Q: 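Before I ask anything, here is the structure I am working with.
Along the sequence shown, residues are numbered consecutively beginning with 1. No experiment lies behind these values; they were computed from the predicted model shown.
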Amino acid sequence: MTEKFKLGILGLGVMGRSLAQNFSRNGFPPIGYDVAPKLPPDFDVKVTNSLEELVGALTPPRILFLMVPAGAPVDTAIASLKPYLSKGDLIIDGGNSFFVDTERRVKDLAQEGLLFIGTGVSGGESGALWGPSLMPGGSVEAWPMVQKMFESTAAKTDDGEPCVGWMGPGGAGHYVKMVHNGIEYGDMQLIAEIYDLLHRGAGISNPELAKIFVRWNEGVLRSYLIEITARILERTDDETGQPLVDMILDEAAQKGTGKWASQNSFDLGIAIPTINSAVESRMISALKSERIAASKALGSASPFKGNSQHLIDAAEQALYASKITSYAQGLQLLAAASQEYHWNLELSQVVRVWRAGCIIRAALLSDITTAYVANPTLPNLLLDKAFKEAILTRQAAWREVIQTAVGLGIPMLATSASLAYFDAYRSERLPANLTQAQRDYFGAHTYRRTDREGSFHTRWED
């Protein structure tokens, strides 16, 4: 093959094909390869049927973009490429890989003179095709090789800024994408709980709820997820004539990134209860047969008998307050990870990258960016003046919504966890003093005192 390309894409599934067309449209025509290609007739990107030919068609230093499932397939793909590569060549992993795996791959390939980038890619099929949010990290010297290419193909904000930025060394890029997905889990669950309260609790129809979400999307809640929720709620099932959302089984699947965020938060000692509750809610949703049996044995929720419009207005306030709290948790996790893993993440840049293209893109991200530009060491988003005021002015409605749900028997795990986090974070004194006393009582674990330094133990049974 005499024609030369700047980029090779290994893996031509939906996301791989979409990215290939995006790169091609923006002046970086790639050559593609897939072990079992299933290509649509209108796919106009050059495809080869051998890895040797794929690598041979690239201009050195070669750049290969992997769009294969996370885990062992990435290592297999890397191993299959290495015989054809030379020092200075670059491999990019665009899947949802665990950041620890990315750290390992960066180090292992560096020993062979190869560069590696692990990049988060958010936006789904449409984003990959027309402009995703990109979160690259890995071999620092590799960023100049792809910066122009990534900036050309990334989503653009309203002011024309590309939604891509260098996250940091090692697994920083994939870690940022993992936390993005954790926030996404929380955001989706918060919306679902408000939907449940208004639909199942207050009896508001799906078409009416669609109108409510359309209206909410014109204000501070404006976001991709609010927008698509309105579209989902107004969609009718072609087969039954019923609202399509009512015909979908209430079991939510997950691919692991939310769980990874929860697990890592425990490793770093950072509380992210909204995200954890979202993960747990999906676990509970999977117990469909048990839930059916339990509803017959334990009873079900009661209908709301109050002022529906008042509840709708309060729900809007509660949802916004909960979303702020969820972002605060995710950003605090990023700050802790940056320190622990020596990544030097710039949170303002991370949030900028999320402003368009990605699933959690939302109007409030511009305000979050402003907050971290003004104070890069802000310990918690809740302490920013604008967000503090936003929370405090919505506090009464937030509590009312949760109290109403508790009274009806409507579960709001993530919304309740968000408020509990807020209350715990602002508590000058928590009951951990009793917890420490208990630990010292049964295990002699000692405790610290409020009136002097040092560790102390009491012989409680004397």
Q: Taking the six-membered ring of Tyr185 as reference, does the cationic atom of Arg282 (NZ for Lys, CZ for Arg) lie under 6.0 Å from its centre and within 45° of its axis?
A: yes

Q: Indicate whether the side chain of Asp313 and that of Gln309 have a donor and an acceptor atom separated by less than 3.5 Å.
A: yes

Q: Judged by atom type as modelled, is there a donor-acceptor pair below 3.5 Å linking the side chain of Lys385 to the main-chain atoms of Leu383?
A: no

Q: Can you name the closest pair of heavy atoms from Pro411 and Glu193 and give their distance?
A: O-CG, 4.1 Å

Q: For residues Thr102 and Gly170, report the shortest heavy-atom separation together with the two atoms involved.
A: CG2-O, 3.8 Å

Q: Can you label the angle between the Trp354 ring and the His180 ring as parallel, tilted or perpendicular, going by 30° and 60°?
A: perpendicular

Q: Could you walk me through whether Thr119 and Val164 pass side-chain contact (heavy atoms from CB on, under 4.5 Å), step by step?
A: CA-CA 10 Å; Thr119 185; Val164 58; over 6 Å; no

Q: Of all the heavy-atom pairs spanning Ser265 and Leu333, show the shortest one and how long it is.
A: CA-CD1, 3.8 Å

Q: With a 6.0 Å cut-off (strictly less than), is the heavy-atom count around CZ of Arg429, excluding the residue itself, greater than 12?
A: no

Q: Got more than 12 heavy atoms from elsewhere within 6.0 Å of CG, Asp158?
A: no

Q: Would you indicate whether His457, at its atom NE2, is surrounded by more than 12 heavy atoms from other residues, nucleotides or ligands within a distance under 6.0 Å?
A: yes

Q: Test Thr377 against Asn375 for side-chain hydrogen bond (donor to acceptor under 3.5 Å, both in side chains), laying out the working first.
A: CA-CA 5 Å; Thr377 60; Asn375 184 2; 3.1 Å; yes

Q: When you measure from the side chain of Glu184 to the backbone of Ile360, do you find a donor-acceptor pair of N or O atoms at a distance under 3.5 Å?
A: no

Q: Looking only at side chains, do Ser295 and Ser300 share a donor and an acceptor under 3.5 Å apart?
A: no

Q: In Å and rounded to the nearest 0.5 Å, what is the CG to CE distance from Asn264 to Met178?
A: 4.5 Å

Q: Under a plain distance cut-off of 3.5 Å, with no hydrogens placed, do Asn433 and Thr435 share a side-chain donor-acceptor pair?
A: no

Q: Nearest 0.5 Å, what's the CD1-CZ distance between Ile402 and Arg399?
A: 8.0 Å

Q: A side-chain contact here means heavy atoms from C-beta on lying under 4.5 Å apart; do Ser122 and Met135 qualify?
A: yes

Q: How are the rings of Trp343 and Tyr341 set relative to one another: parallel (under 30°), tilted (30 to 60°) or perpendicular (over 60°)?
A: tilted

Q: Looking at Arg448, I want to see if its CZ is surrounded by more than 12 non-hydrogen atoms of other residues, nucleotides or ligands under 6.0 Å.
A: no

Q: Indicate yes or no for a side-chain donor-acceptor contact from Thr369 to the backbone of Leu365 under 3.5 Å, with no hydrogens or angles considered.
A: yes

Q: So, does Gln189 use its side chain to make a donor-acceptor pair with the main chain of Ser281 at under 3.5 Å?
A: no

Q: Show the nearest heavy-atom pair for residues Gln349 and Met167, with the distance to one decimal.
A: NE2-CE, 4.0 Å

Q: Mind listing the closest non-hydrogen atom pair of Arg352 and Val373 along with its distance?
A: NH2-CG2, 3.4 Å

Q: Look only at the side chain of Lys177 and the backbone of Leu134, and say whether a donor-acceptor pair between them is shorter than 3.5 Å.
A: no

Q: When you measure from the side chain of Ser416 to the backbone N and O of Leu413, does any donor-acceptor pair fall under 3.5 Å?
A: no

Q: Using only atom types and a distance under 3.5 Å, with no angle test, would you say the side chain of Asn217 pairs donor to acceptor with the backbone of Ser223?
A: yes

Q: Applying salt bridge (charged side-chain N to carboxylate O under 4.0 Å, His left out), can you list everything that pairs with Asp237, at least two apart in sequence or on another chain?
A: none

Q: Would you mind telling me which of Glu400, Gln395, Arg394 makes a side chain to side chain contact (heavy atoms under 4.5 Å, CB included) with Gln317?
A: Arg394

Q: Heavy atoms, side chains only, cut-off 4.5 Å: are Asp440 and Phe456 in contact?
A: no

Q: Does Thr229 reach the main-chain N or O of Leu225 with its side chain, forming a donor-acceptor pair under 3.5 Å?
A: yes

Q: Hey, is CZ on Arg291 packed in by over 12 heavy atoms from elsewhere, all under 6.0 Å?
A: yes

Q: Looking at Phe43, is its backbone amide N or carbonyl O close enough to the side chain of Gln21 to form a donor-acceptor pair, meaning the two atoms are under 3.5 Å apart?
A: no

Q: Ion pair present between Arg105 and Asp108, side-chain N to carboxylate O less than 4.0 angstrom?
A: no

Q: Please identify which of these residues, Asn206, Ile194, Ile204, meets the side chain to side chain contact (heavy atoms under 4.5 Å, CB included) condition with His199.
A: Asn206

Q: How about Val179 and Phe99: do any of their side-chain heavy atoms sit closer than 4.5 Å?
A: no

Q: What do you reckon, are the aromatic ring centroids of Phe387 and Tyr327 less than 6.0 Å apart?
A: no

Q: Answer yes or no: does atom CZ of Arg235 have more than 12 heavy-atom neighbours from other residues, nucleotides or ligands under 6.0 Å?
A: no

Q: Surrounding CD of Gln263 (heavy atoms of other residues, nucleotides or ligands, distance under 6.0 Å), is the total greater than 12?
A: yes

Q: To check you understand the geometry: which heavy-atom pair defines the closest contact between Ala371 and Asp384, and what is its length?
A: CB-OD1, 3.4 Å

Q: Testing the 3.5 Å rule here: is there a donor-acceptor pair between the side chains of Asn276 and Ser262?
A: yes

